[in-house]
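Structure, as structure tokens:
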Amino acid sequence: MQVDIVVDGETDGENDGRSLTSLYRWLASDPDAGRRATLSLVPGRPGAGDMGGAFDVINAVVANGIALGGLAVACATWRASRPAAPAVRIERDGVTITVEDGSPDTVNRIVEALGRPPLPDGDGDPDADGDGDGDPDADGDGRADRQAS
């Protein structure tokens, strides 16, 4: 699964992507995160009159929820090492979770929110039978019902 990591660098006095590149280096050197995730820096689009060169996002590709949890813990550890902890957000398919700390509750919240595979129809709605109850199993047979096309 692919997630994007965003840092609000202005909160710790850094700008021009320095917080983001610092986090990128931290993650790349972390034994768990660096081994279990493929990381890359994604440059931002330069505005009018800008020369560009700053990075906006760390793109991370992880294989499973365990790797995502390790990535969240590494982000929280980086935040804790900063004099004024900047906000770190992990985003996937329109869902954004802010990394607050590396506690088991926070890691579970991140993995639960971001670790679910997107549904085949791509709308993020688990209510495949459309009855509004959130249950894709309308006839109660234990299988998600499919609509005929």
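Just so it is clear, the structure is predicted and the values come from calculations on it, not from any experiment. The basis for the numbers below is simple: all heavy atoms, side chains too, and nothing from hydrogens, waters or symmetry mates. For this chain, numbers begin at 1 and follow the sequence in order.
Using a 4.5 Å heavy-atom threshold, the side chains of Arg92 and Asp4 count as separate. Counting heavy atoms from C-beta outward, Arg109 and Ile97 have side chains that approach closer than 4.5 Å. Between Val7 and Trp78, some side-chain heavy-atom pair lies under the 4.5 Å cut-off. A heavy-atom distance below 4.5 Å is found between the side chains of Leu20 and Ile58. In this structure, the side chains of Val62 and Arg36 stay at 4.5 Å or more apart for every pair of heavy atoms. Counting heavy atoms from C-beta on, the side chains of Val88 and Leu23 come closer than 4.5 Å. Between Asp56 and Val42, the closest side-chain pair of non-hydrogen atoms is not below 4.5 Å.
In the model, Arg82 has a side-chain atom that pairs as donor or acceptor with a side-chain atom of Ser22 under 3.5 Å. Side-chain contact check for Ser103 and Thr106: at least one donor-acceptor pair (N or O, by modelled atom type) lies under 3.5 Å.
Using a 4.5 Å cut-off between side-chain heavy atoms of Ile, Leu, Val, Met, Phe, Trp and Tyr, with links allowed through other members, Ile5 and Val61 fall into different hydrophobic clusters. Note on Val3 and Val95: same hydrophobic cluster, where clusters join Ile, Leu, Val, Met, Phe, Trp and Tyr whose side-chain heavy atoms are under 4.5 Å apart, directly or indirectly.
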Take Leu114 and Ile90, measure what side chain to side chain contact (heavy atoms under 4.5 Å, CB included) needs, and give me the verdict at the end.
-> CA-CA 8 Å; Leu114 302 176; Ile90 302 177; 3.4 Å; yes
Run the numbers on Val99 and Arg89 for side chain to side chain contact (heavy atoms under 4.5 Å, CB included), then give the verdict.
-> CA-CA 6 Å; Val99 178; Arg89 297 183 315 272; over 6 Å; no
Going through the distances and angles, do Met1 and Leu68 end up as a side chain to side chain contact (heavy atoms under 4.5 Å, CB included)?
-> CA-CA 9 Å; Met1 85 185 72; Leu68 178 59; 4.1 Å; yes
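For Ala67 against Ala63, the heavy-atom pair with the smallest separation is CB-N, 4.3 Å. The two residues Leu71 and Ala60 make their nearest non-hydrogen contact at CD2-CB, 3.7 Å. For Ala72 against Ile110, the heavy-atom pair with the smallest separation is CB-CD1, 3.7 Å.
With rounding to the nearest 0.5 Å, the separation of CD in Glu91 from CG in Asn59 is 11.5 Å.
Listed by first and then second residue, the side-chain hydrogen bond (donor to acceptor under 3.5 Å, both in side chains) pairs that reach into residues 23-32 are Asp32-Arg35, sequence neighbours excluded.
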